[in-house]
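Below is one structure, written out as structure tokens; comments come after it.
Atoms within a ligand are numbered from 1 in the order they appear, just like the ligands themselves. FYI, the numbering just counts along the sequence from 1. Worth saying up front: this structure is predicted, and the values here are computed from it rather than measured.
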Amino acid sequence: MNSSLFEAFRQGVLPWYEQNRRDLPWRNTRDPYAIWLSEIILQQTRVQQGLPYYLAFLSEFSEISELAAAPEDQVFRLWQGLGYYSRARNLHRAAKIIATECGGSFPNTLEGLLKLPGIGPYTAAAIASFAFDIPKAAVDGNVLRWMSRLLGSDAPIDLPATRNWIQSELDEWIQKVSPHLFNQAAMEFGALLCSPVPKCVLCPLQEHCVSFLQGTTQTIPVKSKKVKVEERFLYAFLIQNPRGEFAIERRAKNGIWANLYTFPMILQETEMSEKDILNAVLSQKWVSPSLERLPQPYSTVHLLTHRKLKVHIFSILLKNMPKNASIFERWISVKGAGELGFPKVFEQFLKTQFPQYAGRI
Ligand code: SF4
């Protein structure tokens, strides 16, 4: 263990945290259910965006048993606008497991937490330390960043060996202080001070920081590889009947946007010509065979973790109720759509087209 750096952290960062910490509701509770909710919501979501969702979930489901008993669509509806719906799905699955297999009580060990869907080593350590004061360092991207800079390490932070090394060093530090205070301070320090563009001038670790002293704060941390982002092309069709309802379908249980609702759509690895799109629509019998041209689409680019989706949504107004209306899984009004879970890109489209759309986005 690097004792001098630990002492610098203990004497510098812990008091800094006490004076500068943001007052966030999940920091004022030891309830594992509330802490878990906050941790899942804040994965891939900024604090200011996640806060209203945290409050809404606790207001709708004050106990984990209520979340476990809720229909999945209700959970998706509350999640609208956050994206990455796999988190909502895992939240719901974990609540059911806790209700049925753990007697309604949250597991109070790291091993027990790690068995739940959606909980990896970082989230388990965060819940374990915040709720139960278990001394396990919660090592997220913020923590990897400031530790790499403090040590002046150019070991790539996306390699397991680097993560394990930093984890084992911090697991020793956390033994010597209050675990929940340590993890809160370590994460807040990375989020507010040793951020991607660090505020070194305000930093209590400045004189100990190798990266600051060597002028390498812009190049550390290092990553070994860039995530390969693949391009995909999504063509979707808002097909509206004369009653103003539009056709929707539910995605399969597996694959992209599992269990969410979308308009009829085609997902392709290569770009389609206008003619090919029209032919595909006609061959699916989604519209009258007399349709000669598609209207100008609503076009946008939507980023997923490993995918860049080029999205085109075509609005098609049907003059008559189609004879084959049952080809579509369901027709829904704009008001009804606000009750269902749609992928974020569809929510954004609905909000743009229909001011009365009641999604949360
Ligand atoms: S001196 Fe700068 S780079 Fe070093 S730990 Fe502090 S904020 Fe991060």
Side-chain angles (χ1 to χ4, degrees), residues 1-24 26-27 38-39 42-51 120-123 125-126 128-130 135-227:
M1 165 170 153
N2 191 323
S3 302
S4 62
L5 280 187
F6 165 68
E7 271 311 311
F9 181 88
R10 191 173 66 80
Q11 292 176 28
V13 176
L14 296 186
W16 168 87
Y17 173 70
E18 295 288 10
Q19 283 175 12
N20 296 285
R21 73 192 197 108
R22 290 169 290 180
D23 187 21
L24 300 168
W26 47 86
R27 292 209 174 129
S38 73
E39 286 298 331
L42 292 178
Q43 289 167 1
Q44 292 147 316
T45 298
R46 286 174 294 107
V47 166
Q48 284 317 316
Q49 192 196 357
L51 182 57
Y122 158 77
T123 307
S129 60
F130 300 156
K136 184 72 179 174
V139 178
D140 66 353
N142 284 327
V143 173
L144 287 169
R145 181 171 57 246
W146 69 251
M147 269 300 271
S148 298
R149 286 177 175 157
L150 187 60
L151 297 161
S153 162
D154 59 5
I157 57 169
D158 52 340
L159 294 185
T162 311
R163 297 184 82 101
N164 292 343
W165 162 56
I166 290 179
Q167 179 81 54
S168 62
E169 176 70 18
L170 294 182
D171 280 346
E172 291 197 43
W173 293 19
I174 199 172
Q175 305 293 331
K176 300 181 180 303
V177 288
S178 153
H180 78 273
L181 182 64
F182 178 89
N183 275 339
Q184 297 280 17
M187 287 151 66
E188 192 79 330
F189 177 64
L192 298 186
L193 266 195
C194 199
S195 44
V197 179
K199 302 178 182 73
C200 301
V201 68
L202 302 172
C203 179
L205 297 184
Q206 203 186 77
E207 64 186 87
H208 304 273
C209 176
V210 176
S211 189
F212 175 76
L213 297 171
Q214 295 182 343
T216 56
T217 60
Q218 297 303 313
T219 52
I220 290 179
V222 169
K223 285 195 177 168
S224 67
K225 53 181 182 285
K226 285 208 158 158
V227 179

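Under the side-chain hydrogen bond (donor to acceptor under 3.5 Å, both in side chains) criterion, Thr219 pairs with no residue, sequence neighbours left out. Residues passing the salt bridge (charged side-chain N to carboxylate O under 4.0 Å, His left out) test with Glu169: none are found, sequence neighbours excluded. Under the salt bridge (charged side-chain N to carboxylate O under 4.0 Å, His left out) criterion, Asp154 pairs with no residue at all, not counting sequence neighbours.
In this structure, Leu205 and Ala8 approach most closely via the heavy-atom pair CD2-O, 3.5 Å.
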Problem - salt bridge (charged side-chain N to carboxylate O under 4.0 Å, His left out) assessment of Arg27 paired with Glu188 - result: CA-CA 11 Å; Arg27 292 209 174 129; Glu188 192 79 330; 2.7 Å; yes
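If you run ring-ring contact (aromatic ring centres under 6.0 Å, His included) between Phe9 and each of Trp16, Tyr17, Phe182, only Phe182 comes through.
Protein N/O/S atoms closer than 2.8 Å to atom 4 (Fe) of ligand 1: Cys209 SG.
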